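We count residues from 1, following the sequence as given. What you are looking at is a predicted structure, and each value in this text was computed from that prediction instead of being measured.
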Amino acid sequence: MTISVTMIRLVHDAYVGDNQLIAYFDLRLEGVADIKGCALVQTKNHGLSVWSPPCERKHNEPERGIKFVGQMRKAVTGIAKRSYDDFLKSKAANTVTLSAAVALVQEIERRDAA
């Protein structure tokens, strides 16, 4: 089964108890399910974990939920961490590219003003 992250959004300074939320992400289990609203979390012991999305429960309904366990939990944690790392790298690369583009535009404006 192919597992992929289809969306990732960074979270800043958010904690649930002693756990720090790092990012929210959507997950695709190819041919099985799309799961929206998962969380990548740094635990109080500085490990990484993933949380499945919370399921709403209306009055008098049975409890529902999704829980990642065993090898699936390891696989989802790994792909979420790689996606997070890739996102940070691309964000840094985009910042450098944007800075270079801004510098070029500023140089052209100075040249044209002279």
Side-chain angles (χ1 to χ4, degrees):
M1 170 187 350
T2 301
I3 302 171
S4 58
V5 170
T6 58
M7 185 283 303
I8 191 162
R9 181 173 54 93
L10 300 184
V11 180
H12 300 285
D13 297 322
Y15 290 82
V16 176
D18 292 333
N19 301 300
Q20 182 180 8
L21 294 174
I22 296 172
Y24 289 110
F25 64 97
D26 294 345
L27 188 67
R28 173 164 290 146
L29 308 175
E30 196 65 46
V32 177
D34 287 336
I35 304 173
K36 297 182 180 284
C38 302
L40 180 62
V41 178
Q42 183 175 17
T43 65
K44 64 181 178 182
N45 299 326
H46 302 289
L48 285 180
S49 186
V50 290
W51 292 349
S52 56
C55 292
E56 288 186 32
R57 182 177 177 195
K58 296 181 181 175
H59 184 67
N60 292 329
E61 287 186 335
E63 190 171 333
R64 293 178 278 186
I66 298 168
K67 185 176 181 181
F68 302 121
V69 296
Q71 291 300 316
M72 179 60 78
R73 182 179 196 80
K74 288 179 185 176
V76 171
T77 301
I79 191 69
K81 170 133 178 31
R82 283 190 299 279
S83 295
Y84 172 75
D85 291 343
D86 290 348
F87 181 82
L88 291 179
K89 287 177 191 171
S90 71
K91 188 174 179 182
N94 288 341
T95 301
V96 170
T97 301
L98 181 59
S99 297
V102 168
L104 179 60
V105 168
Q106 290 172 338
E107 180 62 32
I108 291 169
E109 288 173 344
R110 280 194 293 274
R111 184 193 68 204
D112 289 348

Item to check | Evaluation steps, side-chain contact (heavy atoms from CB on, under 4.5 Å), between C38 and V50 | outcome: CA-CA 7 Å; C38 302; V50 290; 5.9 Å; no

Checklist entry - According to a 4.5 Å side-chain heavy-atom criterion applied to Ile, Leu, Val, Met, Phe, Trp and Tyr, with indirect links allowed, do L48 and L88 form part of one hydrophobic cluster? => result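 The answer is yes; both residues are in one hydrophobic cluster.
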
Item to check | Within one Ile-Leu-Val-Met-Phe-Trp-Tyr cluster: L10 and V41, side-chain cutoff 4.5 Å | outcome: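 No, no single cluster joins them.
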
Could you list the donor-acceptor pairs under 3.5 angstrom formed by side chains in residues 76-85, with sequence neighbours left out?
{"residue": "T77", "atom": "OG1", "partner": "R73", "partner atom": "O", "Å": "2.8"}
{"residue": "K81", "atom": "NZ", "partner": "D85", "partner atom": "OD1", "Å": "3.3"}
{"residue": "K81", "atom": "NZ", "partner": "D85", "partner atom": "OD2", "Å": "2.7"}
{"residue": "R82", "atom": "NH1", "partner": "G78", "partner atom": "O", "Å": "3.4"}
{"residue": "S83", "atom": "OG", "partner": "I79", "partner atom": "O", "Å": "3.0"}

Between [X] and [Y], which heavy-atom pair has the shortest distance, and what is it?
{"X": "T6", "Y": "L27", "value": "OG1-N, 4.3 Å"}
{"X": "E56", "Y": "R64", "value": "O-NH2, 3.3 Å"}
{"X": "D18", "Y": "K44", "value": "CB-CB, 3.5 Å"}

Checklist entry - Do you know which of L40, V16, I66 makes side-chain contact (heavy atoms from CB on, under 4.5 Å) with W51? => result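 The option that passes is V16.
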
For a quick test of your reading: what N or O donor-acceptor pairs under 3.5 Å do the side chains of residues 19-26 make, sequence neighbours left out?
{"residue": "D26", "atom": "OD1", "partner": "G37", "partner atom": "N", "Å": "3.0"}

Item to check | Side chains of M72 and I3 in contact at under 4.5 Å (non-hydrogen atoms) | outcome: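 Result yes, sub-4.5 Å side-chain heavy-atom pair found.
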
